[in-house]
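Down below is the structure, laid out as structure tokens.
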Amino acid sequence: MPGTGRSCAVRGLSVRIDAVLVQALIAAALSFAHLHDLALAAGQDGWKAWAYPVSVDLLLVAAWRRLRSGEAKTAGWCWFLVALTASLGANVATAGLLDLDDVPDWLRILVAGWPAIAFLGGTLLAHGATADASTGERESAPELSAPEAPASAPELPAAKPEPAPPSTPPVPPALVTLARKVADEHRARTGTPIDTSTLRARLGVPLPLAEAISAHLT
């Protein structure tokens with residue numbers, strides 16, 4: 001049945017979406033744990049060890065939002081790569097390549113300086129977007145021109161151009177010949193010259209054209 005096929009498709013889509021979400025949650029949890037373990041090994045104990053992965057993930061999200069907005073992509077890519085390097089570095093370091101019981105001094109310095117880096121990146125991404133939006137609004141707003149000072153002497157109004165006389169429509173010679181025959185017939189029948197209205201009715205032409213034909217008959 002059509003309804004059964006549609007419901008099966010919806011269930012299949014839900015299963016695929018759920019699988020992707022589960023995979024994303026697992027990957028995020030593992031990366032979160034690796035960052036926590038690295039911060040803890042570098043001397044950041046207690047709540048501070050948990051704050052490090054949060055700061056990395058928030059910087060990733062802020063950079064990704066900037067990339068999705070389509071504005072200042074250079075800054076977005078820069079901070080996205082910084083946060084991604086921090087996350088990947090923690091994952092690799094806790095994979096057995098680094099002795100967590102004897103963390104080198106340079107890594108302790110890097111971990112201790114990370115909060116300042118994350119704060120700087122988050123601030124620039126957040127306030128950079130606000131500044132871009134304000135600049136766009138100012139550019140889109142119409143510019144108001146200052147009122148002009150009145151001149152010392154009033155200007156005389158410009159003279160209106162005289163309307164051009166209506167042009168006489170061209171009259172084909174064949175139509176003039178036909179009009180002469182009609183006018184001669186009218187004169188022979190009535191003894192008077194044909195007027196414009198009668199000529200217009202006999203020929204079935206517009207009034208301007210009938211007037212032009214009458215001018216040729218005189």
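The figures here come from the full heavy-atom set of this structure, side chains too, leaving out hydrogens, waters and symmetry mates.
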Give a yes or no on whether Arg68 atom CZ has more than 12 heavy-atom contacts from other residues, nucleotides or ligands under 6.0 Å away. no
Can you check side chain to side chain contact (heavy atoms under 4.5 Å, CB included) on Ile194 and Asp184, steps first, answer last? CA-CA 8 Å; Ile194 190 171; Asp184 293 342; over 6 Å; no
Thr85 (side chain) donor-acceptor with Leu81 (main chain) under 3.5 angstrom: yes
Identify whether Leu124 and Val61 are in the same connected component of the hydrophobic contact network (ILVMFWY, side-chain heavy atoms under 4.5 Å). no
Would a hydrophobic clustering, with Ile, Leu, Val, Met, Phe, Trp and Tyr connected at side-chain separations under 4.5 Å, put Trp64 with Leu88? yes
Would you name the heavy atoms of Gly122 and Leu59 that are closest together and state the gap between them? N-CD1, 3.7 Å
dist Leu67:CG -> Leu125:CG (nearest 0.5 Å) comes out at 9.0 Å
Could you walk me through whether Thr74 and Trp79 pass the side chain to side chain contact (heavy atoms under 4.5 Å, CB included) test, one step at a time? CA-CA 9 Å; Thr74 303; Trp79 289 108; over 6 Å; no
Trp77 reachable from Leu84 in the ILVMFWY side-chain graph, under 4.5 Å edges: yes
Connected via hydrophobic side-chain network under 4.5 Å: Trp106 and Val103: yes
Just wondering, more than 12 heavy atoms not from Arg65 lying within 6.0 Å of its CZ? no
Membership question, hydrophobic clusters at under 4.5 Å side-chain separation (ILVMFWY): are Phe32 and Leu40 in the same one? no
Taking every non-hydrogen atom, the tightest pair across Gln44 and Ala49: O-CB, 3.0 Å
With side chain to side chain contact (heavy atoms under 4.5 Å, CB included) as the test, would you mind laying out the steps for Leu38 and Tyr52 before giving the verdict? CA-CA 9 Å; Leu38 183 61; Tyr52 273 85; over 6 Å; no
If you compare all heavy atoms of Ser31 against all heavy atoms of Asn91, which two are closest, and at what distance to 0.1 Å? CA-OD1, 3.6 Å
Could you go step by step and tell me if Thr198 and Asp195 meet the side chain to side chain contact (heavy atoms under 4.5 Å, CB included) rule? CA-CA 5 Å; Thr198 304; Asp195 59 298; 2.6 Å; yes
Does the salt bridge (charged side-chain N to carboxylate O under 4.0 Å, His left out) test come out yes or no for Glu185 and Arg202, once each step is laid out? CA-CA 11 Å; Glu185 180 186 353; Arg202 293 289 302 274; 3.5 Å; yes
Interatomic spacing from CH2 in Trp114 to CG in Leu35 - rounded to 0.5 Å: 9.0 Å
Looking at Arg187 and Thr192, would you say the former's side chain and the latter's main chain have a donor-acceptor pair under 3.5 Å? no
